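Bear in mind the structure is a predicted one, so any value in this text is a computation, not a measurement.
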Amino acid sequence: MTFFYKKKAALIEKQESTSPTIAVLANEFIERDIKANRKDVHPVIRMFEKDILLFIGNYKLKEITRREIFKKVLDPITDRGAKTQANKTLYILKQMFNFGVERDLIQGNPISTVKKKSVGGLEKSRTRALEFDEVIQVFDRLP
């Protein structure tokens, strides 16, 4: 083995032995990305607290698999009938893992290829007309 390969192998071994947990990644993601780039952070923080960290927060980043994410996080959300929430959770998880890849905390995003149709299904937009009282409120607020 050449010096380069030995050094790379030692680096990979060090990363694996000191691999942070998903909770560590989530906290850094919330602090550095979500709070910096979103106006309303509370729904995302609630999503992490209620649906993500309770179930996979203690997993090391090197140990988490796509199957575990489906089994522990996404499938239970879908099973309770919250398909749109499952899609939102998938979207946030993809962002978080991509953040971890950018920060060199994880080698690859385990759910990068997962599509909405595999989780909560495709969402249909609803058509809704304003009630008469709502139209009045709109006109009252116009300058």
Side-chain angles (χ1 to χ4, degrees), residues 4-143:
F4 174 75
Y5 290 114
K6 286 181 183 178
K7 190 171 183 178
K8 184 155 178 96
L11 178 64
I12 290 171
E13 186 177 321
K14 180 182 176 193
Q15 283 178 337
E16 288 183 359
S17 66
T18 60
S19 178
T21 63
I22 288 179
V24 170
L25 172 60
N27 287 329
E28 187 171 340
F29 173 65
I30 289 168
E31 290 299 319
R32 297 197 176 272
D33 191 274
I34 297 297
K35 288 184 177 178
N37 298 318
R38 289 187 184 237
K39 290 180 184 175
D40 189 12
V41 299
H42 300 295
V44 177
I45 292 172
R46 185 175 185 282
M47 182 187 310
F48 273 101
E49 291 172 350
K50 182 180 179 202
D51 293 323
I52 299 171
L53 295 179
L54 284 176
F55 305 105
I56 61 170
N58 292 329
Y59 278 80
K60 289 202 173 272
L61 288 173
K62 67 176 183 163
E63 296 172 348
I64 196 68
T65 63
R66 179 180 301 139
R67 179 73 188 130
E68 288 296 317
I69 294 169
F70 266 102
K71 190 169 105 180
K72 305 251 181 194
V73 178
L74 299 173
D75 287 344
I77 297 171
T78 304
D79 292 345
R80 72 176 188 237
K83 293 180 180 183
T84 302
Q85 185 64 32
N87 287 340
K88 289 178 183 179
T89 305
L90 172 66
Y91 178 71
I92 287 293
L93 283 172
K94 281 184 174 184
Q95 284 184 328
M96 181 188 74
F97 285 120
N98 285 335
F99 177 85
V101 170
E102 289 172 2
R103 297 282 175 140
D104 202 25
L105 295 171
I106 189 171
Q107 293 298 316
N109 184 340
I111 56 171
S112 62
T113 60
V114 177
K115 306 280 188 254
K116 279 184 183 182
K117 66 181 180 179
S118 303
V119 180
L122 298 175
E123 299 170 19
K124 297 176 186 172
S125 60
R126 294 186 265 176
T127 55
R128 179 182 176 276
L130 293 176
E131 299 287 328
F132 185 72
D133 293 338
E134 294 171 321
V135 173
I136 292 173
Q137 287 179 8
V138 169
F139 281 108
D140 285 344
R141 294 182 182 170
L142 289 176

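- Taken from CG in Leu90 to CD in Gln95, the straight-line distance is 10.5 Å, to the nearest 0.5 Å.
- Looking at residues two or more places apart in sequence or on another chain, you find no side chain to side chain donor-acceptor pair (under 3.5 Å) involving Lys50.
- Applying the side-chain hydrogen bond (donor to acceptor under 3.5 Å, both in side chains) definition to pairs two or more places apart or across chains, those involving residues 131-143 are Arg128-Glu134.
- Contact record, Ala86 with Leu74: O-CD2, 3.8 Å, taken as the closest heavy-atom pair.
- Here the closest heavy-atom approach between residue Pro76 and residue Phe70 is recorded as CD-O, 3.8 Å.
- Within the model, atoms CD1 of Ile77 and OG1 of Thr84 stand 11.5 Å from one another, a figure rounded to the nearest 0.5 Å.
- With sequence neighbours left out, the salt bridge (Lys or Arg N to Asp or Glu O under 4.0 Å) criterion links Arg38 to no other residue.
- Evaluation of the ring pair (Phe, Tyr, Trp, His ring centres under 6.0 Å) rule for Phe29 yields Phe99 as partners, not counting sequence neighbours.
- Phe139 meets the side chain to side chain contact (heavy atoms under 4.5 Å, CB included) test with Val135, Leu142; sequence neighbours excluded.
- From Asn27, atom CG reaches atom CD1 of Ile34 across 12.0 Å, with rounding to the nearest 0.5 Å.
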From CA spacing to verdict: side chain to side chain contact (heavy atoms under 4.5 Å, CB included), Thr21, Leu61: CA-CA 5 Å; Thr21 63; Leu61 288 173; over 6 Å; no
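- Within the 4.5 Å cutoff, side-chain heavy atoms of Lys35 are placed close to those of Ile30.
- When every heavy atom of Pro110 is checked against every heavy atom of Ile64, the shortest pair comes out as CG-CG2, 4.2 Å.
- Closest approach of Leu53 and Ala26 over heavy atoms only: CD2-CB, 3.8 Å.
- In this structure, CG on Asn87 lies 12.5 Å from CD1 on Ile92, to the nearest 0.5 angstrom.
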Worked check of salt bridge (charged side-chain N to carboxylate O under 4.0 Å, His left out) between Asp51 and Arg80: CA-CA 12 Å; Asp51 293 323; Arg80 72 176 188 237; 3.0 Å; yes
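- To the nearest 0.5 Å, the span separating CG on Asn109 from NZ on Lys94 amounts to 8.0 Å.
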Residues Ile22, Met96; criterion side chain to side chain contact (heavy atoms under 4.5 Å, CB included); working and verdict: CA-CA 9 Å; Ile22 288 179; Met96 181 188 74; 4.0 Å; yes
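- Distance check: Ile52 CD1 to Arg46 CZ gives 12.0 Å after rounding to the nearest 0.5 Å.
- Taking both residues in full, the closest heavy atoms of Met47 and Gln85 are given as CE-NE2, 3.5 Å, listed atom of the first, atom of the second, then distance.
- Atom CZ of Arg32 is surrounded by 12 or fewer heavy atoms from other residues, nucleotides or ligands within 6.0 Å.
- Sorted by first and then second residue, the side-chain hydrogen bond (donor to acceptor under 3.5 Å, both in side chains) pairs involving residues 64-78 (not counting sequence neighbours) are Tyr59-Glu68, Arg66-Thr113.
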